[in-house]
Amino acid sequence: MTSGRNPSINRRPIYILPKNFADYLCPQQNYYLFLDIDGTLADFTLNPKDSVIPTSTLTLLQKIQSHGVKLAVVTGRSLAEARQMLSPLTLPIAATHGLEIAFDDISDHNETHAVSVDIMELAVIRKSIIQSCIPFDDFTVEDKPYSVALHFRKNPVLADAAYTIMVETLKTYANWTLKSGKYVWEVVPKGVDKGSAILTLLKRMQSSNSIFPIFIGDDITDEAGFVAVQGENQIIASQPQPLKGMGIKVGSEATHANYYVCNTHEVTILLNSFLGFCQEHSMLAKETVRQVI
């Protein structure tokens with residue numbers, strides 16, 4: 001579990017051949033595409049700061065967006081980091097696992113926090129974690145505005161030591177919890193998850209009742225997002241029926257997602273297939289308009 005795998009999940013997803021993703025889509029649906037960053041749009045790296053989203057992928061997303069598809073990013077990254085990685089693309093972002101939510105521009109009034117954050121308490125927690133890591137060379141403490149993450153991806157053998165440090169640190173802080181990810185433990189305020197973040201974004205983004213949300217992610221923190229888009233235990237206020245979308249896991253491990261692809265390269269192929277579907281749908285729509293005129 002400390003490497004980001006949850007043994008309590010035993011569902012085996014169905015493999016999607018990425019180049020045939022368009023076969024799963026229907027022109028009558030309005031698609032809303034939600035994407036994780038690390039391990040989904042960007043390759044996993046030993047140092048989180050070394051991760052980048054390829055320019056070709058950003059261009060691909062921009063083309064999909066130009067066809068009227070609603071896109072959003074749902075990530076454990078801070079809002080500032082996510083914006084930097086996505087630049088020059090502008091789209092809604094749920095950052096820090098949904099704690100920081102920004103919609104479609106960079107103005108302060110366009111941002112919201114899912115729960116309140118005790119910054120003073122977080123500073124004490126952060127200091128304690130840093131001090132506890134002094135005896136170890138291969139830990140990386142990632143300092144975010146509203147959370148703190150302890151990475152052990154440089155040396156996975158330190159998984160138990162990392163977990164112990166974080167659990168001991170939080171013993172006296174009831175308003176905080178731990179999130180497990182790929183070779184990382186992160187302290188976040190209670191009440192924050194990617195599923196709730198996606199539902200919050202949908203309330204703001206949706207323009208019709210015929211919606212089909214798709215969420216692509218790779219990590220244990222993405223599981224709540226898969227549950228949300230697939231309509232499992234979640235209903236948004238403006239929807240008379242539960243959502244029935246598609247969760248796609250990057251990786252073949254057991255997951256709540258109904259489908260999977262193997263790696264970030266296959267995510268790119270899948271997105272290209274999605275773009276092809278959008279382009280064909282746009283051409284058919286234009287042809288229909290010409291015939292009516």
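Note: hydrogens, waters and symmetry copies are ignored here, and every other heavy atom, side chains too, is used.
Ring pair Tyr260/Tyr15 is tilted by interplanar angle, where 30° to 60° counts as tilted.
In this structure, the separation between SG on Cys278 and CG on Leu33 is 9.0 Å, given to the nearest 0.5 Å. To the nearest 0.5 Å, atom CE of residue Met85 and atom CZ of residue Arg77 are 4.5 Å apart. Atom CZ of Phe274 sits about 10.5 Å away from atom NE2 of His67, to the nearest 0.5 Å. Distance CD/Glu223 to OG1/Thr255: 3.5 Å, rounded to 0.5 Å. Annotation: the span from Ile130 atom CD1 to Ile125 atom CD1 amounts to 12.0 Å, rounded to 0.5 Å. Between the OG1 atom in Thr177 and the CG atom in Asp193 there is a gap of 11.0 Å [rounded to 0.5 Å].
Phe21 and Phe277 have their aromatic ring centers separated by at least 6.0 angstrom. Taking the six-membered ring for Trp and the full ring otherwise, Phe215 and Phe226 have centroids separated by under 6.0 Å.
Leu202 is listed as a side-chain neighbour of Ile211, based on a closest heavy-atom distance under 4.5 Å. Using a 4.5 Å cut-off on side-chain heavy atoms (C-beta onward), Leu150 and Val187 make no contact. Annotation: side chain of Met246 is not in contact with side chain of Val229 (no heavy-atom distance under 4.5 Å). Using a 4.5 Å heavy-atom threshold, the side chains of Leu201 and Phe34 count as touching. A 4.5 Å side-chain heavy-atom check between Tyr173 and Pro189 finds every atom pair outside the cut-off. At a threshold of 4.5 Å between non-hydrogen side-chain atoms, the residues Phe212 and Gln28 do not count as touching. The side-chain heavy atoms of Ile216 and Asp36, taken from C-beta on, include no pair separated by under 4.5 Å. You'll find the side chain of Asp23 stays beyond 4.5 Å of the side chain of Leu25, heavy atoms only.
Taking the side chain to side chain contact (heavy atoms under 4.5 Å, CB included) definition, one finds that Leu122 meets it with Arg126, Val148, Trp176, sequence neighbours left out.
In terms of hydrophobic clustering, with Ile, Leu, Val, Met, Phe, Trp and Tyr side chains grouped at heavy-atom distances under 4.5 Å, Ile119 and Val141 are assigned to a common cluster. Val124 and Leu178 fall within a single hydrophobic cluster, where Ile, Leu, Val, Met, Phe, Trp and Tyr side chains are chained together by heavy-atom contacts under 4.5 Å. Both Ile129 and Val167 are part of a single hydrophobic cluster, where members link through side-chain heavy atoms under 4.5 Å apart. When hydrophobic clusters are built by joining Ile, Leu, Val, Met, Phe, Trp and Tyr residues whose side-chain heavy atoms come closer than 4.5 Å, directly or via intermediates, Val188 is not grouped with Ile37. Under a hydrophobic clustering in which Ile, Leu, Val, Met, Phe, Trp and Tyr are joined whenever their side-chain heavy atoms come within less than 4.5 Å, directly or via other members, Ile269 and Ile248 fall into different clusters.
The closest donor-acceptor contact from the side chain of Thr164 to the backbone of Asp160 lies under 3.5 Å. A donor-acceptor distance shorter than 3.5 angstrom exists from the side chain of Thr268 to the backbone of Thr264, with no hydrogens or angles considered. In this structure a side-chain-to-backbone donor-acceptor pair under 3.5 Å is present from Asp222 to Asp219. With hydrogens and angles disregarded, a donor-acceptor distance shorter than 3.5 Å links the side chain of Tyr31 to the backbone of Cys26. Although no hydrogens or angles enter the test, the distance criterion places no donor-acceptor pair under 3.5 Å between the side chain of Thr75 and the main chain of Ala95. No side-chain donor-acceptor contact under 3.5 Å links Gln62 to the backbone of Pro88. A donor-acceptor pair is defined here as one N or O able to donate and one able to accept, closer than 3.5 Å; no such pair exists between the side chain of Arg204 and the backbone of Phe103.
Using modelled atom types, one finds no donor on one side chain facing an acceptor on the other under 3.5 Å when comparing Ser147 with Thr96. There is no side-chain donor-acceptor pair under 3.5 Å between Glu100 and Ser78.
Between Cys133 and Ile165 the shortest heavy-atom distance is SG-CD1, 4.1 Å. Nearest heavy atom pair, residue Asn47 against residue Arg153, reads N-CD, 4.3 Å. The shortest non-hydrogen separation linking Thr221 to Ser180 is CG2-O, 3.3 Å.
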Assess the residue pair Ile14 and Asn258 against the criterion (side chain to side chain contact (heavy atoms under 4.5 Å, CB included)); give the C-alpha distance rounded to whole Å, side-chain angles, the decisive distance to 0.1 Å, and a yes or no. CA-CA 6 Å; Ile14 299 168; Asn258 288 332; 5.9 Å; no

Evaluate the side chain to side chain contact (heavy atoms under 4.5 Å, CB included) criterion for residues Phe152 and Phe136: first the C-alpha distance (whole Å), next the side-chain angles of each, then the deciding distance (0.1 Å), finally the verdict. CA-CA 10 Å; Phe152 50 94; Phe136 303 92; over 6 Å; no

side-chain hydrogen bond (donor to acceptor under 3.5 Å, both in side chains) for Glu168 and Ser132? Distances and angles first, verdict last. CA-CA 10 Å; Glu168 290 296 319; Ser132 297; over 6 Å; no

Working note: Asn30 + Tyr32, criterion side chain to side chain contact (heavy atoms under 4.5 Å, CB included); need CA distance, chi angles, decisive distance, verdict. CA-CA 7 Å; Asn30 291 309; Tyr32 290 70; 4.2 Å; yes

In sequence, state the C-alpha distance, the side-chain angles, and the governing distance for Glu142 and His151, and then conclude on side-chain hydrogen bond (donor to acceptor under 3.5 Å, both in side chains). CA-CA 7 Å; Glu142 185 181 5; His151 297 270; 2.7 Å; yes

Side chain to side chain contact (heavy atoms under 4.5 Å, CB included) assessment of Ile93 paired with Ile101: CA-CA 6 Å; Ile93 300 171; Ile101 296 180; over 6 Å; no

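Test Leu61, Thr40, Leu41, Leu89 against Ile53 for side chain to side chain contact (heavy atoms under 4.5 Å, CB included) and you get one pass: Leu41.
Under a 4.0 Å N-O distance rule, the pair Glu186/Lys144 qualifies as a salt bridge. Ion pair Asp218/Lys182 flagged as a salt bridge, since at least one NZ, NE, NH1 or NH2 atom sits closer than 4.0 Å to an Asp/Glu carboxylate oxygen. Using a cutoff of 4.0 Å between basic side-chain nitrogens and carboxylate oxygens, Asp137 and Lys154 are not scored as salt-bridged.
No more than 12 heavy atoms of other residues, nucleotides or ligands lie within 6.0 Å of CD in Gln84, so this atom counts as exposed by the packing criterion.
Residue pairs meeting the salt bridge (charged side-chain N to carboxylate O under 4.0 Å, His left out) criterion with at least one member in residues 43-71, sequence neighbours excluded: Lys49-Glu81. Judged as a salt bridge (charged side-chain N to carboxylate O under 4.0 Å, His left out), not a single pair has a partner in residues 266-277 (not counting sequence neighbours).
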